[in-house]
Amino acid sequence: MPRTVNRQVVITAALTGAADSVGKSPHVPVTPAQIADDAIAAARAGAAVVHVHVRHPETGIRSRDVALYREAARLIRASEVDVVLNLTAGMGGDLVIDQEDPLKPVDGTDLVNAMDRLPHVEELRPEIATLDCGSYNFGDGSALYVSTTDMLRAGAKRFQELGVKPELEVFDSGQLWFAKVMHDEGLIDAPALVQLCMGIPYGAPADPGLLQALVNLLPEDAQFTSFALGRDQLPWVAQSVLLGGHARVGLEDNLYLARGVKATNAQLVDRAVTIVEGLGASVATPAEARAIFGLAGAR
């Protein structure tokens, strides 16, 4: 059955990500306090969900340090602003190989098993955490993201045990195929929550026809959201909503509000609100997002 325009849209703010973006914009949050401040500002602007990575405070480089997640989550939860906390669990999948000796360790590799990607999720029990649904070439060169089917089944089972909703990060059609396999195997509780990630080299291109094709492959009970990178981010809000989905914006995926104008997370959320409301839809509150996504509720 074709999906129609979504009339109640959950906006997710992806605050900082793991890319080398800190030197490219003064607005990219680095410390737990900065990340929490941006989360609160994004929530006040209309984001029902905040998606959180952490970075080394001194260097701005991506991190899996549980203490940094702990402090960012503490500050967000201690604020008077209600927002759904979504922690990345995708860190620990990076593999950089040597072309001459593929088994030789190379700088940039951060590859751990499925359970070692989850200690912050196990401790902090966010309402949502991400589960990257497959392996792929990550841009040009010799970098790969590794997430095998065994890793994914183990991660999905652990999410169920913890009562954390997995946001199934899908970067191409084969990954959506396997997400559906996990759904059919009972490893994903209904409703499935799928994030269709477009424009990341070399996953699915940011093509509206391809987004429609991916939406057509979703499980019937799935809720989906989608994003695209860079200048495609804000137009993609409309693309996703028109196909029945939700929207993600934020500095993880795009640094600009307009050509030459550096954005803040709150500004990107505010613009997304304008787009959603311009389509005749309403922006979901955190409480409404919990009901739509079938979340257990705030912790």
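No hydrogens, no waters, no symmetry mates; every other heavy atom, side chains included, goes into these values.
Side chains of Ser173 and Leu214 form a contact here, defined as non-hydrogen atoms less than 4.5 Å apart. Side chains of Leu268 and Gln233 form a contact here, defined as non-hydrogen atoms less than 4.5 Å apart. Looking only at side-chain heavy atoms (C-beta outward), Trp236 and Met198 come within less than 4.5 Å of each other. Side-chain atoms of Phe138 and Leu144, non-hydrogen and from C-beta on, never get closer than 4.5 Å to each other. A 4.5 Å side-chain heavy-atom check between Val10 and Thr225 finds every atom pair outside the cut-off. Between Leu196 and Phe227 there is no side-chain heavy-atom pair separated by less than 4.5 Å. The shortest distance between side-chain heavy atoms of Leu124 and Leu87 falls below 4.5 Å. Between Leu152 and Met182, the closest side-chain pair of non-hydrogen atoms falls below 4.5 Å.
Of the candidates Arg290, Arg44, Arg77, Arg290 is the only one forming a salt bridge (Lys or Arg N to Asp or Glu O under 4.0 Å) with Asp82.
In this pair, His51 and His53 present their aromatic rings perpendicular. The plane angle is above 60°, beyond the 30 to 60° band.
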Derivation and outcome, side chain to side chain contact (heavy atoms under 4.5 Å, CB included), residues Leu229 and Ile200: CA-CA 7 Å; Leu229 298 187; Ile200 293 96; 3.9 Å; yes
CA sep, side-chain torsions, deciding dist, call: Phe159, Glu167, side chain to side chain contact (heavy atoms under 4.5 Å, CB included): CA-CA 10 Å; Phe159 274 50; Glu167 182 182 77; over 6 Å; no
Audit row: Leu218, Arg3, side chain to side chain contact (heavy atoms under 4.5 Å, CB included) steps and yes/no: CA-CA 10 Å; Leu218 290 167; Arg3 294 174 185 249; 3.6 Å; yes
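Side chain to side chain, Asp189 and Gln160 meet the donor-acceptor criterion of an N or O pair below 3.5 Å. A donor and an acceptor atom, one from each side chain of Asp172 and Tyr202, are nowhere located under 3.5 Å apart. Under the 3.5 Å distance criterion, with hydrogens and angles disregarded, a donor-acceptor pair is assigned to the side chains of Asn216 and Gln212.
Ile11 and Phe293 are not part of a single hydrophobic cluster, where members link through side-chain heavy atoms under 4.5 Å apart.
Side-chain N or O atoms of Ser142 include none that pairs as donor or acceptor with a backbone N or O of Val96 at under 3.5 Å. Side-chain atoms of Lys165 never come within 3.5 Å of backbone atoms of Ala129 as a donor-acceptor pair (strictly under, hydrogens ignored). Without hydrogens or angle criteria, Asn265 side chain to Leu251 main chain gives a donor-acceptor distance under 3.5 Å.
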Check residues 18-27 and write down every donor-acceptor pair under 3.5 Å in which the side-chain atom is one partner and the other belongs to a residue at least two apart or another chain.
from	atom 1	to	atom 2	distance (Å)
Ser21	OG	Arg55	NH2	3.3
Ser25	OG	His27	N	3.2

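If you take CZ on Arg271 and CG on Leu257, they are separated by 4.0 Å, rounding to the nearest 0.5 Å. With rounding to the nearest 0.5 Å, the separation of CG in Asp110 from CZ in Arg117 is 8.5 Å.
In summary, Glu100 and Lys104 do not engage in a salt bridge, as defined by a charged side-chain N under 4.0 Å from a carboxylate O.
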